[in-house]
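This report refers to the structure that appears directly beneath it.
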Amino acid sequence: MFGSGSYLQGKRKSGGKSDKRSARAERHEQEQLQPFAGLPLGVSLEKNMELIKRELGESQDIIFRCLQLKDAESTKALIVYVQGMVDDERLNEFILQPLHREDFPGEGELSPKGMLERMKNKQLSTGIVLDISDWKLFFQKLFMGYAIIMLEGSDTALGASVVGGERRGIEEPKTEMAIRGPREGFTESIRVNTSMIRRKIRSPKLWLEQWTIGEISQTPVSIMYVKGLADENVLADLRERLESIRIDGVLESGYIEELISDQKWSPFPTVINIERPDAVAGNLLEGRIVILIDGTPFVLIVPAILNMFFQASEDYYQRFDIATFLRMLRFVSFLIALMMPSVYIAIVGYHQEMIPTQLLLKLAAQREGVPFPAYLEAFIMEFVFEILREAVVRMPSAAGNTISIVGGLVIGQSVVEAGIVSPAVVIVVAFTAISSFVSPAYSLGIAARLLRFLLLLAASTLGFYGIGLVVLLLLLHLSNIRSFGMPYLKPFAPSYFRDMKDTLVRAPMWLMRNRPERLASENKVRQNIVIEPRKEPEQ
Amino acid sequence: MGKYAGINNTMISSGQCAKILFLFALGSAALILPTAVTVIAKQDAWISMLLAGPINYFVVMIYLALADRFPNLTLAQYSEKVIGTWAGKAFTLTFVFFMLLLSALVLRNISDFITLSVLPLTPLWFINVTFMVVIIYGVYLGIETIARTGEIIFSWGMFVMTILVFALFSQFNFHNFEPFLYEGWMRPVKGIYPILGFPIGEFVFLTAILPLIKQEDRQKLRKHLKLSVVLISTMSILMVVFLLGVMGVYEASRSPFAIYDMVKYINIEEILVRVEVLVAVIWVGTVFMKLALCVYTLSVMSAQMLKLATYRPLVAPYAFIIVPLSMIVYRNNAHANHFAMEVWTVYSVFQGVVLPLGLLLVAVIRGKKDFSDGSFPEPKKVEKKAGGEKGAGGTSGGAAGGDPSPA
């Protein structure tokens with residue numbers, strides 16, 4: 001929890017623990033999941049088919065298409081694919097039709113192996129065709145959406161990529177809205193996502209590495225980075241962490257996020273998730289590393305420091321003055337979302353002298369007849385608000401109006417009218433709620449949501465002194481944690497004055513000449529030729 | 001060897017060191033010292049603050065001169081090299097006692113302040129314990145974390161101070177400074193006396209921090225510390241000037257926490273009134289820094305004196321000593337003022353100036369210099385990792401035995 005002092009910390013693989021874990025994982029693998037590792041394909045088509053059917057429990061969505069190759073009467077071929085995961089049209093056009101149409105030399109002229117070779121070279125017109133000689137690879141490719149062609153008498157098969165099937169198209173991102181900027185968001189398909197990034201950064205320096213993570217789910221996971229900008233130490237660390245993951249399935253990037261982040265017990269996220277390709281491209285250009293996971297539109301970016309959670313991609317598309325204003329607004333609203341109820345409680349409960357007399361009288365009049373102490377009111381209303389919020393997220397959208405009426409009018413108005421809760425608390429909670437939605441990063445908002453209750457508790461027991469203590473604890477915690485070796489509060493602490501240009505303020509483009517420090521130690525210069533505003537010639 | 005052995009070998013930058021020094025100097029002194037000086041020097045108290053400025057730097061110079069001779073060692077380590085092992089240990093022991101007492105005093109300062117001004121019904125021990133919990137956490141996390149926290153507190157402190165200064169302009173009265181030098185120069189010179197012990201003599205904590213400065217930052221260190229001292233003097237003068245200008249000599253010298261009472265004068269359109277509790281929050285932050293540094297120095301010096309592998313196991317036990325000690329160290333606030341103004345200076349100057357200066361002289365005469373590395377031993381785990389990092393995780397077998405039991 002406390003981390004170690006080395007620059008790249010959190011190498012959790014060291015020690016005996018990992019040995020035990022990986023040994024167990026290997027055994028697990030051998031016993032159940034990969035009975036075919038290294039097992040070669042058989043020669044007999046009949047037997048192979050039988051094995052597939054047996055192993056897959058005669059699943060109905062596995063299609064076996066037998067065909068007789070023309071002019072080779074006795075040579076049978078078998079095409080296996082998973083219905084729905086292949087593109088039927090492409091299967092037809094590039095595999096089935098050529099195999100039907102083409103003339104084959106007579107039997108005996110070519111061995112089955114030679115026939116496969118000929119098929120591969122002359123007939124199958126798909127982009128990827130590969131040889132498959134063992135069952136592990138066979139099943140892996142089968143469930144990735146390959147059509148696999150087997151031939152009687154051959155112990156190798158051909159896998160042809162006709163990956164397809166229905167997937168969601170590119171739509172506007174749902175979580176990160178922008179008024180100005182690209183309208184596209186990531187989709188669930190990893191290849192579509194990588195292509196969207198490549199379209200933003202058309203450079204040979206944009207490198208991609210791929211893993212398959214998840215013992216059962218076999219999910220493709222890629223990392224992308226700009227070679228020369230990304231920190232090699234962070235890359236090595238990330239590779240090690242990804243390779244050490246042993247888990248049954250990876251269904252969303254949250255799995256990976258939780259498994260690779262340095263801080264297991266921190267409410268603050270040390271990995272950021274993003275749905276916008278333009279924001280991802282911007283991060284790549286600043287030397288960060290992107291992790292894409294198949295099956296989710298949320299990609300991960302490391303290292304992620306606190307400051308990044310306040311940056312929206314739109315900041316860079318608008319003029320710097322308004323962008324700076326919005327930045328500060330976000331910081332302030334984060335503080336409000338975190339502290340407003342507790343500050344209210346501290347003032348009302350312990351430091352009434354801070355309230356101007358007029359206001360104090362008003363507040364006192366409101367609280368007349370309210371049966372609960374102020375902190376209890378705040379706790380109740382905060383809790384009610386959290387319930388409302390969760391209800392709105394989970395319920396079917398048709399019920400949305402009902403909830404807003406019940407939540408807003410019935411609860412909001414009638415608790416005040418009934419004199420159960422004072423209006424001031426309702427105002428404070430409502431303002432806090434609105435502020436908590438300002439943060440562009442949802443994951444940071446969660447931290448504020450949780451810590452708000454801690455601060456409330458401190459404020460109701462010790463007033464401002466309690467708030468001060470909790471804030472100190474938070475500061476210590478934030479100063480201590482790191483994301484892949486990057487101090488979380490950088491560039492505030494440790495302070496790098498040059499990096500301040502993209503924190504509380506968003507400096508004008510022509511001033512942001514250097515990339516962030518410590519991320520790109522070698523290549524610092526972002527703009528070589530800087531176009532500065534033209535000065536009026538002196539008279 | 002503890003799991004976190006060697007964590008305190010992490011490095012801080014010279015800028016962080018300067019900010020730490022600033023926060024330490026203003027830490028608990030900001031609220032108490034102006035009263036003490038005003039009692040002696042009356043309306044010329046700001047001159048005392050001005051005169052104390054160069055002394056600040058002189059003391060820091062002693063520590064820097066020692067650090068030049070022993071760049072990677074703390075006071076506890078080089079005292080053994082200069083005057084022999086056992087004499088050195090005895091020498092260090094005096095500093096351990098000094099730091100222990102100082103920690104108790106600082107803790108008592110904050111709890112006195114909170115119980116007197118902010119939370120009158122809360123018992124002293126409860127404030128002590130809650131504050132100490134945060135301190136233990138902070139010191140446990142190490143100097144790097146403390147330094148970074150200090151940077152944030154520094155920025156916020158300066159921000160709040162600036163706002164306060166502007167908010168107080170309307171209450172400022174220049175007549176409060178008259179008559180100027182009414183009784184000649186002796187009065188402001190006498191006013192330096194409490195400043196010497198509190199906080200100047202306490203700067204000796206720097207001897208435990210200086211060896212932790214990054215190697216590449218060492219040239220800038222002198223410049224940064226100079227800046228820090230200038231800033232300390234400026235802030236102290238500014239505070240005293242405003243204190244006198246707003247409250248006048250008589251009120252200022254009667255109030256136990258003068259700056260806190262001064263902020264009560266802020267009144268902007270009847271909206272921004274009585275914001276003194278914000279000062280209290282900032283002050284909780286700066287006192288936290290001072291106490292954390294004291295406890296850190298205390299633990300590190302003890303650990304090095306006893307040749308431990310890490311200071312961490314000492315933090316919590318020391319906290320258990322400091323909390324009761326702070327309860328018995330004063331009888332009441334008046335006693336505290338009396339002690340801080342008269343007794344403490346002698347002790348503090350002896351420990352913070354006379355002894356290090358003597359050590360420096362002995363080191364110069366005997367020509368002692370030592371560039372050896374004084375950091376705590378690194379845990380085995382880290383060494384293995386540094387060696388085998390290139391190999392793709394193939395070292396795990398070798399490191400299997402290196403997972404020690406937690407401290």
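Protein chains get the first letters and strands the later ones, always in sequence-line order, with residue 1 at the start of each. Computed from a predicted structure; not experimentally measured.
Looking only at heavy-atom pairs under 4.5 Å with chain B, the residue among A/Gly468, A/Gly466, A/Ser495 that has the most is A/Ser495. Residue with the most contacts toward chain B among A/Ile467, A/Leu462, A/Leu478: A/Leu462 (heavy-atom pairs, distance under 4.5 Å). In terms of heavy-atom pairs under 4.5 angstrom with chain B, the leader among A/Gln358, A/Glu353, A/Arg239 is A/Glu353. The candidate from B/Ile153, B/Thr130, B/Ile146, B/Thr122 with the greatest count of non-hydrogen atom pairs under 4.5 Å with chain A is B/Thr130.
Interface remark: B/Lys19 contributes side-chain atoms only to the contact with chain A (heavy atom separation under 4.5 Å). With a 4.5 Å cut-off on non-hydrogen atoms, B/Phe154 does not touch chain A at all. No part of A/Leu359 comes within reach of chain B, as not one of its non-hydrogen atoms sits under 4.5 angstrom from that chain. Of the two parts of A/Tyr465, only the side chain, counted from C-beta on, holds a non-hydrogen atom closer than 4.5 Å to a non-hydrogen atom of chain B. Proximity to chain A is absent for every atom of B/Ile282, based on heavy atoms less than 4.5 angstrom apart. Of the atoms belonging to A/Leu475, heavy atoms from both backbone and side chain fall under 4.5 Å from chain B. Looking at B/Val134, the atoms closer than 4.5 Å to chain A (heavy atoms on both sides) sit in the backbone and in the side chain alike.
Counting only heavy atoms from C-beta outward, the side chains of A/Leu238 and A/Ile291 approach each other to under 4.5 Å. In this structure, A/Phe331 and A/Asn307 have side chains that are in contact, with non-hydrogen atoms separated by less than 4.5 Å. The shortest side-chain heavy-atom distance between A/Glu243 and A/Trp211 falls under the 4.5 Å cut-off.
For A/Arg241 and A/Phe484, the positive end sits near the middle of the six-membered ring, less than 6.0 Å away and at most 45° from its axis. Seen from the ring of B/Tyr140, B/Arg312 counts as a face-on cation partner, given the 6.0 Å and 45° thresholds.
B/Ser111 and B/Asn128 form a side-chain donor-acceptor contact under 3.5 Å, judged by distance and modelled atom types alone. Residues A/Ser479 and B/Thr149 bring a donor and an acceptor atom of their side chains to less than 3.5 Å of each other.
You'll find the ring centres of A/Tyr350 and A/Phe464 outside the 6.0 Å limit.
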